[in-house]
Amino acid sequence: MGTRWQSLPLQLPPHVLAELLDGGQAFRWNQKALGCWIGIWSSHVLELKQHPDSLQIHWRALTPQTTAEDVHDYFAFDLDFPQLTDELPWRSDPVLKTAIGRYPGLRILRQPLAETLIGFICSSAKRIPQIKQCLENLARAFGTPLTPEYHALPTWEQLASASENDLRACALGYRAKYIHQSAHFLADHPGFLEQISNLSDAQAHQHLLRLPGVGSKIADCVLLFGAHRLAAFPVDTWIAKSMRALYGLPHAKLADIAHFGHIHFGPAAGLAQQFIFSSAKTPAKPPPPNSQKP
DNA sequence: GCACAGGTAGATT
DNA sequence: AATCTACCTGTG
């Protein structure tokens, strides 16, 4: 294809790049070989390559219309994540400090809202590989082809033309009903997703709750990853479990933890959540052997 | 065979 | 208003 490799203004340790692309924010990145990724969003298919000896990342598009601006927008280079991270209360919070230390450079992607909504409606009680499989099935069944190999996710309009059984055939299980009902809800409410940009965080959250299959957690994921509302603080079982333990809140309910997160972490609480979520999945490092015992 | 997964909705207390 | 359950499907 025509496009050449270009440099991405982003340097990350390989495990942080993997977490960014494949840690639960996005569900359409696959590692083809060591340090080589292919991802799809909107009508873009992007290849990423990280040289084994350096942290430098290069990209090239497999779709001819993809521009550097599209890529920079997706990775949200207009935002200063080092600055946002430094403004988190890590100086007074050893849990957060440890989490940031484990995933230096982690950021929040700016994904298309409609696609993010599909992904997270499919996410309930599923692991990441299964979610990815569902979206792959949906793309192949209902999405527009972008290259011989890759399809876009379907639009909500395309999903509305599918029957619930068609959707079940994509291994969605009971989530097929949610996708089906939400597709028809969106067809009946033109501009519903576009309205979100005019709403406050709290209003946008309430707005999304009207969609079938969207509860508090998924609404926050959609806001954080699909609307770039960095204050949104999704509380899932992982975050809940680890925060109860790490912050001494043994009896806190999900809503309590969400409230604590907003108060404690502030306007970029969602970024803090991403560090803690990623870190929580990493088993604690065993204490180093005490080589010089007195 | 059976519990459990980045939850939600509807029923039941 | 606060718990309890059913819901698909793949994985251990």
Side-chain angles (χ1 to χ4, degrees), chain A residues 18-30 99 102-103 106 108-109 111 115-138 140-141 159 162-186 205-227 229 232-246 249-261 265 269-283:
Chain A
E19 183 65 23
L20 174 65
L21 301 176
D22 202 16
Q25 289 193 46
F27 301 112
R28 299 211 71 199
W29 285 93
N30 287 300
R102 286 182 175 185
Y103 288 89
L106 193 60
I108 305 292
L109 300 171
Q111 302 181 73
E115 296 190 351
T116 309
L117 179 60
I118 298 171
F120 282 96
I121 289 179
C122 292
S123 76
S124 78
K126 270 188 182 296
R127 310 208 182 150
I128 292 171
Q130 291 181 54
I131 303 166
K132 290 169 70 173
Q133 186 60 59
C134 286
L135 296 184
E136 185 61 35
N137 295 342
L138 286 175
R140 233 170 254 293
L159 287 170
S163 71
E164 187 183 323
N165 273 349
D166 291 339
L167 297 167
R168 280 186 181 260
C170 294
L172 297 197
Y174 61 82
R175 304 154 198 85
K177 184 164 70 176
Y178 297 152
I179 293 285
H180 186 71
Q181 292 178 342
S182 280
H184 287 274
F185 180 94
L186 290 173
H205 183 94
Q206 291 303 119
H207 193 69
L208 285 168
L209 291 185
R210 296 177 61 194
L211 289 161
V214 177
S216 194
K217 187 269 181 184
I218 291 180
D220 282 332
C221 285
V222 171
L223 286 175
L224 179 58
F225 303 126
R229 299 290 183 109
F233 193 81
V235 179
D236 54 64
T237 52
W238 287 77
I239 281 288
K241 187 179 167 191
S242 63
M243 284 186 62
R244 284 187 190 113
L246 297 170
L249 310 163
H251 304 299
K253 290 169 290 184
L254 298 184
D256 300 330
I257 294 171
H259 181 70
F260 175 87
F265 296 119
L271 180 60
Q273 185 269 2
Q274 204 56 26
F275 280 111
I276 293 175
F277 175 71
S278 300
S279 181
K281 293 188 294 187
T282 312

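Just so we're on the same page: letters track the sequence lines, and every chain starts at 1. FYI, side chains are in, hydrogens and waters are out, and symmetry mates aren't considered; it's all heavy atoms of this structure.
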When you measure from the side chain of A/R229 to the backbone N and O of A/H205, does any donor-acceptor pair fall under 3.5 Å? no

Any sub-3.5 Å donor-acceptor pair from A/R175's side-chain atoms to A/I121's backbone N or O? no

A/K132 NZ to B/dA5 C1', straight-line distance once rounded to whole Å: 17 Å

Looking at every strand, decide which applies to A/G23 at a 4.0 Å heavy-atom threshold: base, sugar-phosphate, or nothing. base

To the nearest Å, how far apart are A/N137 CG and C/dT9 P? 12 Å

Rounded to whole angstrom, note down the P distance from B/dG6 over to C/dA2. 26 Å

Report the C-alpha separation of A/L159 and A/I118 in whole Å, then their side-chain angles, then the decisive distance to 0.1 Å, and conclude whether the side chain to side chain contact (heavy atoms under 4.5 Å, CB included) test is met. CA-CA 10 Å; A/L159 287 170; A/I118 298 171; 3.6 Å; yes

Within this structure, what is the CZ-to-C1' distance between A/R127 and B/dC4, rounded to whole angstrom? 7 Å

Nucleotide B/dG6, atom C1' - distance to CG of A/L135 in whole Å: 14 Å

Looking only at atom P, what distance separates B/dA11 and C/dC8, rounded to whole Å? 15 Å

Considering only heavy atoms from C-beta outward, does the side chain of A/T116 approach that of A/L224 to under 4.5 Å? no

If you take any heavy atom closer than 4.0 Å to DNA chain B, which residues from residues 165-184 of chain A end up in contact? A/Y174, A/Y178

Where A/Q25 and A/Q111 come nearest, the two heavy atoms and their spacing: O-NE2, 2.8 Å

Would you mind telling me which of C/dG10, C/dA2, B/dG7 lies closest to the side-chain atoms of A/Q130? C/dG10

Could you check how far CG of A/L138 sits from P of C/dT9, rounded to whole Å? 13 Å

Within less than 4.0 Å of OP1 or OP2 of B/dT8, is there a side-chain N or O belonging to A/S216? no

Just call it for A/V235: base, sugar-phosphate, or nothing, with non-hydrogen atoms closer than 4.0 Å on any strand. nothing

If we call it a pair only when both distances are under 3.5 Å in a Watson-Crick or G-U wobble match, what pairs with B/dA3? C/dT11

Rounded off to whole Å, could you give me the CZ-to-P distance for the A/R244 and B/dG6 pair? 15 Å

Check whether any side-chain N or O of A/K126 sits under 3.5 Å from a backbone N or O of A/L172 as a donor-acceptor pair, and report yes or no. no

Could you give the CG-to-P distance, from A/L254 to B/dA9, as a whole number of Å? 14 Å

Tell me which of A/P212 and A/G24 sits closer to the 5' end of DNA chain B, going by the nucleotide each one is nearest to. A/G24

Give the nucleotide from the list B/dC4, C/dA2, C/dC8 with an atom nearest to the side chain of A/K126. C/dC8

Tell me the interatomic distance from A/L117, atom CG, to B/dG7, atom P, rounded to whole angstroms. 16 Å

Modelled atom types, side-chain donor and acceptor of A/Y178 and A/S124, under 3.5 Å: no

